[in-house]
Amino acid sequence: MKLALIADLHLDINKEYPVREILAAILKEKEADGLIVAGDISEDSGMTMREAEKLEREADCPVWYVPGNHDMWSTDFARRSTDQIYADYAADPRCLVDKRVDLHGDNGPVCLVGDIGWYDYSFASNLYSADELEQMSHGGRTWQDKLKNQWTADNRGRMQLMVDKLEKKLRSCGERPVIAVTHMLPVDDFCVPEEREGWDYFNAFLGGSSLGRLYERFHVTHAVCGHVHFRKKVRRHGITYHCPCLGYHTEWERFSHHGDDAAWQIGETLQWIEV
Ligand SMILES: [Fe+2]
């Protein structure tokens with residue numbers, strides 16, 4: 001079974017480029033058996049769900065996704081609370097929140113589980129106190145979740161809830177190999193180098209090591225994440241960690257001189273696994 005991995009499509013920010021159409025064509029051409037999207041499809045939950053459905057139809061293969069922090073944003077909590085948005089995702093058949101997908105791999109059954117994950121500040125430099133990190137603001141910059149996500153009132157509590165939910169799902173997989181998907185980073189290998197201004201602070205909001213430690217206790221073979229807009233893959237303790245982020249078109253230039261050649265960028269971003 002051939003599965004494609006990608007994250008951070010940001011279809012609204014990248015709207016000048018036919019990202020969904022190009023992605024669907026590649027999946028068809030390569031005869032993918034499914035696509036896993038590790039969050040940040042758009043900044044509107046309705047759009048994210050609609051685009052996932054369209055992508056599945058156009059690519060003619062199943063699409064599974066977890067929401068990213070952008071997919072969870074609300075600019076009016078009275079109208080759309082963070083918990084309501086999360087509940088809407090849980091009800092979407094393509095979203096991995098509150099579900100386990102049982103796949104028929106080439107060598108036997110494989111489980112697919114996932115959720116957003118969250119952050120617990122464990123990736124920040126220890127130069128900063130918990131109180132400073134709770135501000136989610138540093139050097140005149142504010143992490144946007146602070147303004148657009150109500151969970152930021154208790155980030156570490158939310159991370160613990162996510163770890164507990166994922167643990168339950170992982171336990172239900174028994175001895176089967178597992179593909180685990182979060183938007184947030186489970187390992188610090190994908191953090192932004194601390195030399196880049198402000199990131200010794202803002203790495204706090206990229207994920208947490210409790211996710212990676214959780215995976216090591218179960219039969220996770222592949223872990224997929226996004227969020228940090230890198231395109232990387234590392235192997236740690238028998239688990240292959242994938243970070244396949246398309247990112248914003250304004251960032252594409254830094255990946256290569258191909259710049260705004262969307263087809264090249266999408267092809268280069270996709271990672272593939274055989275299960
Ligand atoms: Fe993103």
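Numbering of ligands and ligand atoms starts at 1, following listing order.
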Kindly give the atom name of the N, O or S atom of Asp40 closest to the Fe ion (ligand 1).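 Distance check against the Fe ion (ligand 1) picks out OD2 in Asp40.
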Shortest-distance N, O or S atom of Asp8 relative to the Fe ion (ligand 1):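 The closest N, O or S atom of Asp8 to the Fe ion (ligand 1) is OD2.
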Between His249 and Asp260, a side-chain donor and acceptor under 3.5 Å: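 There is no such pair (donor and acceptor under 3.5 Å, judged by atom type) between the side chains of His249 and Asp260.
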Arg80 and Ser45 side chains, donor-acceptor separation under 3.5 Å: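 A donor-acceptor contact under 3.5 Å links the two side chains.
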Centre of Tyr121's six-membered ring, under 6.0 Å away, within 45 degrees of the axis: is that where NZ or CZ of Arg156 sits?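 Relative to the ring axis of Tyr121, which defines the angle, Arg156 lies outside at least one limit.
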Any N/O/S atom of Cys245 sitting less than 2.8 Å from the Fe ion (ligand 1), backbone or side chain?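 No, since none of the N, O or S atoms of Cys245 sits under 2.8 Å from the Fe ion (ligand 1).
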Taking both backbone and side-chain atoms into account, decide whether His10 has an N/O/S atom under 2.8 Å from the Fe ion (ligand 1).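 Under 2.8 Å: His10 contacts the Fe ion (ligand 1) through an N, O or S atom.
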Parallel, tilted or perpendicular: ring planes of Trp264 versus His258, cut at 30 and 60 degrees: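 If you compare the ring of Trp264 with that of His258, the planes turn out parallel.
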